[in-house]
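Structure first, then comments.
In what follows, every heavy atom counts, from backbone to side chain, and hydrogens, waters and symmetry copies are set aside. Just so we're clear, the structure is a prediction, and the values are computed from it rather than from any experiment.
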Amino acid sequence: MVMAVSFERYGRLYYLDPGEFRPRVGDKVLVPTDDGPEVAECVWAPQYVTEEVGGLPLCAGIATGADLDRDEQNRQRRADARVIAKRTIRQHGLPMKVVGIDFVDRRADVDQLVIVYFSAPHRVDFRELVRDLARALRARIELRQVGARDEARLQGGIGPCGRDLCCATFLKDFEPVSVRMAKDQDLPLNPLKISGACGRLMCCLKYEHPLYQEFNAKAPALGTAVETPAGDGVVVGHNVPSDTVVVRLAASGRRCACSRADVCSPRQQYEASSTTTPDAAPVDGPAAAAVDVPTAEPVEAAGPTVEAGTPAEDVVPENESREERRARKPRRRRRLHHDDEGETRQ
């Protein structure tokens, strides 16, 4: 069985093995982490899945009243620590931006630990800042610098599509994204239109890029003359999601959308690429049956009878004179001598 929990409302989902517990949607459960069990909300009740899933962390149990009180206190401490960290950074005049705060109180090696995540355009000397924060928060301080993508993941937000950021909800790993992917998808190369909330190229450019690569490899290029069921025309556009191409007909000049299979040149090659050709005749059995070819009946010739296998030179024409026969035999002897050349005479 599998269940899903989230530490923040509308945050990333984490999958657990419920074990012997059966929480319902909205219940608070304990999730094992590197810093000890933390409280999370169940957003997907335990249920059986078709595929065998292994290696998931085991749910630590249902959160008690003491766990809920501790979690609420830690939330208030994080909010206070954020205010203090921002004020202290402003006093030191450092180019730092506080992204997130974690409060750890269940680690065995420390009593209380405050982890401050910040972003900066370059490396920052924050040694004086750490001492002032430790004195103000009365806890051990750790400062960790994160990149632009991790900043968007921690803060969350709304993307250009109007939905929550992928990195803050379900995206686990950041894959490399290039401008070439935007070119293959015919997107405008304006950085303001293909950049996300983090200022980098949108991660969703990676989602449909393999589909565009496959379509461009098989579909005719723009400006190619093709034959369609409606007549001859020229390709003027592509529609990858619907697997169609836009063709401007030569006769009427209007545009029509045709399936990619209809405009492949030639279509016979496109259909022959599959294992079964629709026009092929069905074959019964492992091999095709032998076809009986009717043989022509012998026709009685008007001339002399010739036995089967007799060379054409041995056929004696009717009414042949002796001089003509002598003139023909030497040519035959020379041919036989040439054919028997190299053979041993018996």
Side-chain angles (χ1 to χ4, degrees), residues 4-16 25-26 28-29 31 33-35 38-44 71-72 74-90 94-104 114-124 126 129 133 141-183 185 187-209 241:
V5 299
S6 176
F7 293 97
E8 300 288 343
R9 183 171 294 275
Y10 307 115
R12 182 183 300 179
L13 298 181
Y14 295 89
Y15 297 94
L16 302 176
V25 176
K28 302 294 183 178
V29 297
V31 181
T33 64
D34 296 337
D35 300 325
E38 297 290 342
V39 178
E41 181 180 356
C42 177
V43 297
W44 185 16
D71 183 65
E72 185 62 27
N74 288 344
R75 289 180 181 273
Q76 186 62 36
R77 290 174 180 175
R78 287 196 294 268
D80 297 340
R82 179 185 288 269
V83 175
I84 296 174
K86 288 184 178 180
R87 184 175 62 247
T88 308
I89 291 174
R90 193 180 308 111
L94 298 176
M96 300 170 57
K97 178 182 177 182
V98 178
V99 177
I101 301 289
D102 276 348
F103 193 88
V104 181
V114 178
I115 303 176
V116 181
Y117 299 94
F118 71 94
S119 62
H122 49 79
R123 294 179 61 89
V124 181
F126 48 76
L129 177 64
L133 286 177
I141 306 297
E142 285 188 10
L143 274 77
R144 300 180 182 178
Q145 185 174 358
V146 298
R149 292 178 181 264
D150 291 319
E151 178 182 357
R153 168 187 289 179
L154 294 175
Q155 286 186 336
I158 304 297
C161 58
R163 300 174 61 90
D164 293 334
L165 298 180
C166 298
C167 56
T169 52
F170 66 89
L171 195 62
K172 294 183 178 181
D173 300 325
F174 293 117
E175 297 185 2
V177 183
S178 62
V179 182
R180 182 65 184 178
M181 298 180 181
K183 292 182 180 179
Q185 302 178 39
L187 296 177
L189 300 183
N190 187 355
L192 298 178
K193 295 185 178 181
I194 59 177
S195 299
C198 59
R200 303 293 191 270
L201 294 176
M202 294 186 296
C203 297
C204 55
L205 295 177
K206 183 77 173 180
Y207 298 163
E208 298 180 356
H209 184 242

Under the side-chain contact (heavy atoms from CB on, under 4.5 Å) test, residues paired with Val25 that sit two or more places apart
Ala45
Residue list, ring-ring contact (aromatic ring centres under 6.0 Å, His included) with Phe126, at least two apart or on another chain
Phe118
Residues in ring-ring contact (aromatic ring centres under 6.0 Å, His included) with Tyr15, at least two apart?
Trp44
Taking all atoms of both residues into account, what is the closest heavy-atom pair of Ala120 and Gln145, and its distance?
O-NE2, 3.2 Å
With Arg180, which residues qualify under salt bridge (Lys or Arg N to Asp or Glu O under 4.0 Å), at least two apart?
Asp184
The criterion is ring-ring contact (aromatic ring centres under 6.0 Å, His included); which residues satisfy it with Tyr117, sequence neighbours excluded?
none
Looking at CD of Gln155 and SG of Cys198, how far apart are the two atoms once the value is rounded to the nearest 0.5 Å?
11.5 Å
CD1 on Ile89 to CG on Leu133, rounded to 0.5 Å:
7.0 Å
To the nearest 0.5 Å, what is the distance between CZ (Arg149) and CG (Leu165)?
11.5 Å
Please name the pair of heavy atoms, one in Pro95 and one in Pro121, separated by the smallest distance, quoted to 0.1 Å.
O-CD, 3.6 Å
Please list, chain by chain and in numerical order, all residues satisfying side-chain contact (heavy atoms from CB on, under 4.5 Å) with Ser195, sequence neighbours excluded.
Pro191
Does the side chain of Asp102 reach to within under 4.5 Å of the side chain of Val114, using non-hydrogen atoms?
no
By side chain to side chain donor-acceptor pair (under 3.5 Å) - contacts of Gln185 (at least two apart):
none
Within this structure, what is the CD1-CD1 distance for the pair Ile115 and Ile101, rounded to the nearest 0.5 Å?
9.5 Å
In sequence, state the C-alpha distance, the side-chain angles, and the governing distance for Asp164 and Ile158, and then conclude on side-chain contact (heavy atoms from CB on, under 4.5 Å).
CA-CA 5 Å; Asp164 293 334; Ile158 304 297; 3.2 Å; yes
Salt bridge (Lys or Arg N to Asp or Glu O under 4.0 Å) pairs touching residues 75-85, sequence neighbours excluded, are Asp71-Arg75
Please tell me if the side chains of Cys166 and Met202 come closer than 4.5 Å, counting only heavy atoms from C-beta onward.
no
Which atom names give the shortest non-hydrogen contact between Val39 and Lys28, and what distance separates them?
CG1-CB, 4.0 Å
Between Ile141, Val124, Leu143, which is the residue that forms a side-chain contact (heavy atoms from CB on, under 4.5 Å) with Leu129?
Leu143
What distance do Arg200 atom CZ and Leu205 atom CG have between them, rounded to the nearest 0.5 Å?
14.5 Å
Got a sec, which residues hit salt bridge (Lys or Arg N to Asp or Glu O under 4.0 Å) with Lys97, two or more places apart in sequence or on another chain?
Glu151
Tell me the closest heavy-atom pair linking Arg153 and Leu171, and the distance in Å.
NH2-O, 3.9 Å
Residues forming a side-chain contact (heavy atoms from CB on, under 4.5 Å) with Ala79, sequence neighbours excluded
none
Partners of Tyr207 by ring-ring contact (aromatic ring centres under 6.0 Å, His included), sequence neighbours excluded?
none
If you measure from NZ on Lys206 to SG on Cys204, what distance do you get to the nearest 0.5 Å?
13.0 Å
Residues Val31 and Ala40: closest non-hydrogen pair is CG2-CB, 3.6 Å
Qualifying residues under side-chain contact (heavy atoms from CB on, under 4.5 Å), relative to Val179, sequence neighbours excluded:
Lys183, Leu189, Leu201
